[in-house]
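We use all heavy atoms of the structure for the numbers below, so side chains are in, but hydrogens, waters and symmetry mates are not. Numbers restart at 1 for each chain; the letters A, B, ... are given by sequence-line order, proteins then strands.
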Amino acid sequence: MKTKILSVKGARDFYPEQLALRRWLYANMQAAAQQFGYQEYDGPFLETLDLYAAKSGEELVKEQAFVFNDRGGDQITLRPELTPSLARMVAARQGQLPRPIRWWSFGPFWRYERPQKGRSREFFQWNVDLIGAESPAVDAELAAVMVTFFQRLGFTSSEVKIQFNNRRLMDGQIAALGLAEQKKSVFRLIDRRDKMSAEAWNKYAADLGVGAAQLDGLQAMLADRELWRKSDECQAFLDAAEALGIAAYLEYDPTVIRGLDYYTGTVFEARDREGEFRAILGGGRYDNLVGDVGGDRLPGVGFAMGDMVIGLVAQKYGKVPALATSPTQVLVTVFSPASQAESLRLAAELRAAGVRAEWYPEAAKLDRQLKYADATGVRFAAILGPDELAQGVVMLKDLKTRTQAPVSRAQLAAELQARLG
RNA sequence: GUGGCUGUAGCUCAAUGGCAGAGCACUUGACUGUGGCUCAAGGGGUUGCGGGUUCAAGCCCCGUCAGCCACCCCA
C-alpha cells in the first residue's frame, strides 16, 4: 500500500483557489490600513517564551503555544499573537521611532488547539496598532479602520457590528461591588455570561466567592446597556466615532471583556449581526505593555483579525467576488508537432508586448485545449493552425462571448490589450 | 484537555450481516480544427488502519488514526 503522508493537524493547504481568497482579504486589509496612514511591518515568527510569560492570557501561553527547546536549550515559541512582539520592537527603538506609531501586519500564527469551524492551529492574522497616543479618539480611529475594511468587502452596519466596552469602567464598577481583589476571575466570569446557563453561572460566581448582593449588582451591571454613560472615555470614544461616521457599526456591550490580560481601557470585538460565527476580530487598549517588556510606559491600542472567521462570514454573506486563479490572459494553442515552434514564437511575441500568455504543451485535440482554457478561466485563445499560418493571421477566440475572428499576427497583441481593457 | 458525530471511487453520497453501487468529474466516440448542452461506451475500490465475533463483515465489537462539530480558550 502506498504510504500517505498526512499534513500536520490544523495546518491548511492553500490551493490557488484558497490563496486567491487570502490574497483578496490581504489586499483589502492593506488598502484599509494604508488609507489611515499605517505602515506595514512584521515581527519574527519565533520568539522566546519569556516574551509572553506574564503578558498574554495564562492559557494562551501555557496551554496553547507551540513551545520547543532549541539545540542550545532555550525555550522557543512559535508566535501565538503579535502584540508582545510589537511592544518589544517598539521598546527596543523607543527613542528613535517617530510617534505616534501607526503599524499594520499580516502573517502566520500558531496555537495548539483542537481545530474546528473558524479555528485552526496555523492561521493568518491582520494586526493594526497605534502606539504613542492616549486619546479615546484614537480608539475610535482603530474602529474606523475596521469599518473601512468591512465596507470595502461590502458589509453594511446591519450585517456586522463592533461591540465595545472599557476595562477601566469595568474596574471601577467591580471595585464598587467590593470585588477588586478577584478582578481577573470576575472578568472571566463576565466573559462566560452568554455561554452558561443562569444556574451554572450563578454557581460559578458563588464558587469564586461572589456574595448574593454582589451577584445582584453584577447582573444589574451586565444588563445595563447605558453603562457607558458613566465613563468619560466611552463618551469621548463615541463622540469621535460619530465624527468619523462609523457610529452605526458600534454597539456598547458590558459583557465584552476580552481574554488577554494586558488590556487596560477600550476593548472591542466584531461579530456578524446574526451571531452565527465566533468573533471576527478582537482588540483593545494596552497602556502598560511596552513598559512591561522593558521600555518606558507608552500607551497603545490595536486589534487582530484572523483570516478564517472573516473568510467564512464573507462567504456566508456573499461578499467574495469571483476570484481568478490563473493570471493567463491568452492561451496559445498548438495544432501539430510541426507547428509547435510557431506557437512558441507567437507566445513569446505576446509576452514581449506585455500580454500574459500560456501555451498548451502538446498538440492535443483543439477540443481539449479549449476545455483546459475554460476550466482554468482563461478568457482568450489564440488558435494557430495551417489555415492561419498560410494567411499570416491568428484566430482569436473569446471564450466568454463564444465568438472568434481572424486577427493579423502583427496586431494581435494590441487587439488583446484593447479587449482586456 | 473533555464530549458528540463521521470515515466507501478524484468529489458528493448509497448499499437489511449475503455478488461494492449512483450522480458529478475523468477517458474515448458521435463531431478528421472549436470549450457550457445531449447521447453512447469505458477506466477507476485492499470500504482509513489493526485486531475480534461469524459459514459470511462496508455493516456488529475492541483499539487506533484522521476529519467535522461543540465545550475550554480565542483570531
Side-chain angles (χ1 to χ4, degrees), chain A residues 1-12 25 29 56-65 79-83 105-128 146 188 191-192 194-197 200 204 256-261 267-271 277-284 302-313 331 333-336 339 360 363-389 395-406:
Chain A
M1 166 179 172
K2 262 191 292 185
T3 37
K4 198 164 152 192
I5 310 284
L6 301 167
S7 58
V8 173
K9 187 186 185 80
R12 287 170 293 162
L25 290 172
M29 289 165 177
S56 307
E58 196 128 311
E59 172 142 357
L60 179 59
V61 179
K62 287 189 179 157
E63 312 286 338
Q64 299 182 349
R79 62 180 188 182
E81 60 159 337
L82 187 61
T83 311
S105 185
F106 181 79
F109 295 86
W110 295 266
R111 289 182 195 173
Y112 194 81
E113 299 180 282
R114 286 283 281 269
Q116 58 190 264
K117 196 174 185 184
R119 198 176 70 183
S120 62
R121 288 184 173 181
E122 179 177 65
F123 57 97
F124 284 75
Q125 206 180 59
W126 180 36
N127 279 262
V128 183
M146 301 172 200
R188 176 157 295 193
D191 203 37
R192 293 189 191 171
D194 300 331
K195 297 167 186 167
M196 303 171 76
S197 68
Y204 182 36
V256 168
I257 210 78
R258 305 305 304 157
L260 297 175
D261 294 339
V267 287
F268 21 55
E269 110 185 356
R271 297 183 167 275
F277 299 91
R278 58 180 67 235
I280 297 168
L281 63 83
F303 69 87
M305 178 189 292
D307 67 314
M308 294 191 76
V309 175
I310 186 63
L312 290 169
V313 175
L331 175 77
T333 65
V334 173
F335 181 74
S336 67
S339 71
Y360 199 87
K365 291 179 63 174
L366 191 53
D367 163 279
R368 193 180 177 77
Q369 300 189 40
L370 290 174
K371 209 165 179 181
Y372 168 76
D374 196 42
T376 52
V378 174
R379 170 91 186 263
F380 294 99
I383 299 167
L384 195 60
D387 300 348
E388 287 80 11
L389 280 170
M395 189 60 79
L396 179 61
K397 183 177 178 74
D398 183 334
L399 280 85
K400 193 171 164 190
T401 62
R402 301 176 70 78
T403 57
Q404 63 179 24

More than 12 heavy atoms of other groups within 6.0 Å of A/Tyr372 OH: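 Open.
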
Would you mind telling me which of [options] lies closest to the side-chain atoms of [X]?
{"X": "A/Leu399", "options": "B/G35, B/C72, B/G33", "answer": "B/G35"}
{"X": "A/Pro386", "options": "B/C26, B/G33, B/G67", "answer": "B/G33"}
{"X": "A/Pro115", "options": "B/C68, B/C74, B/C71", "answer": "B/C68"}

Side-chain heavy atoms of A/Glu81 within contact of A/Arg111, under 4.5 Å: yes

For B/C24, the Watson-Crick or wobble partner whose two distances fall under 3.5 Å: B/G10

Identified pairing partner of B/G63, criterion: Watson-Crick or G-U wobble below 3.5 Å: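 WC or wobble partner is B/C49.
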
Suppose we call a contact any N or O donor and acceptor under 3.5 Å apart; does that hold for the side chain of [X] and the base of [N]?
{"X": "A/Glu113", "N": "B/G1", "value": "no"}
{"X": "A/Arg114", "N": "B/G3", "value": "yes"}
{"X": "A/Gln369", "N": "B/U34", "value": "no"}

Residue mapping more 5' on RNA chain B - nearest nucleotide basis, A/Gly10 or A/Gly385: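 In this pair, the answer is A/Gly385.
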
Nearest-nucleotide 5' precedence on RNA chain B, A/Arg402 against A/Tyr112: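 Its nucleotide being nearer the 5' end, the pick is A/Tyr112.
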
Six-ring centre of A/Phe277, A/Arg271 cation under 6.0 angstrom, axis tolerance 45°: no

Atom of A/Glu113, atom of A/Arg121 and distance for their closest heavy-atom approach: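 Reported closest heavy-atom pair: O-NE, 2.6 Å.
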
Phosphate contact (B/G35 OP1 or OP2) by A/Lys397 side-chain N/O below 4.0 Å: no

Distance below 4.0 Å between A/Lys365 side-chain N/O and B/G29 OP1 or OP2: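 True: A/Lys365 side-chain N/O within range (under 4.0 Å) of B/G29 OP1/OP2.
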
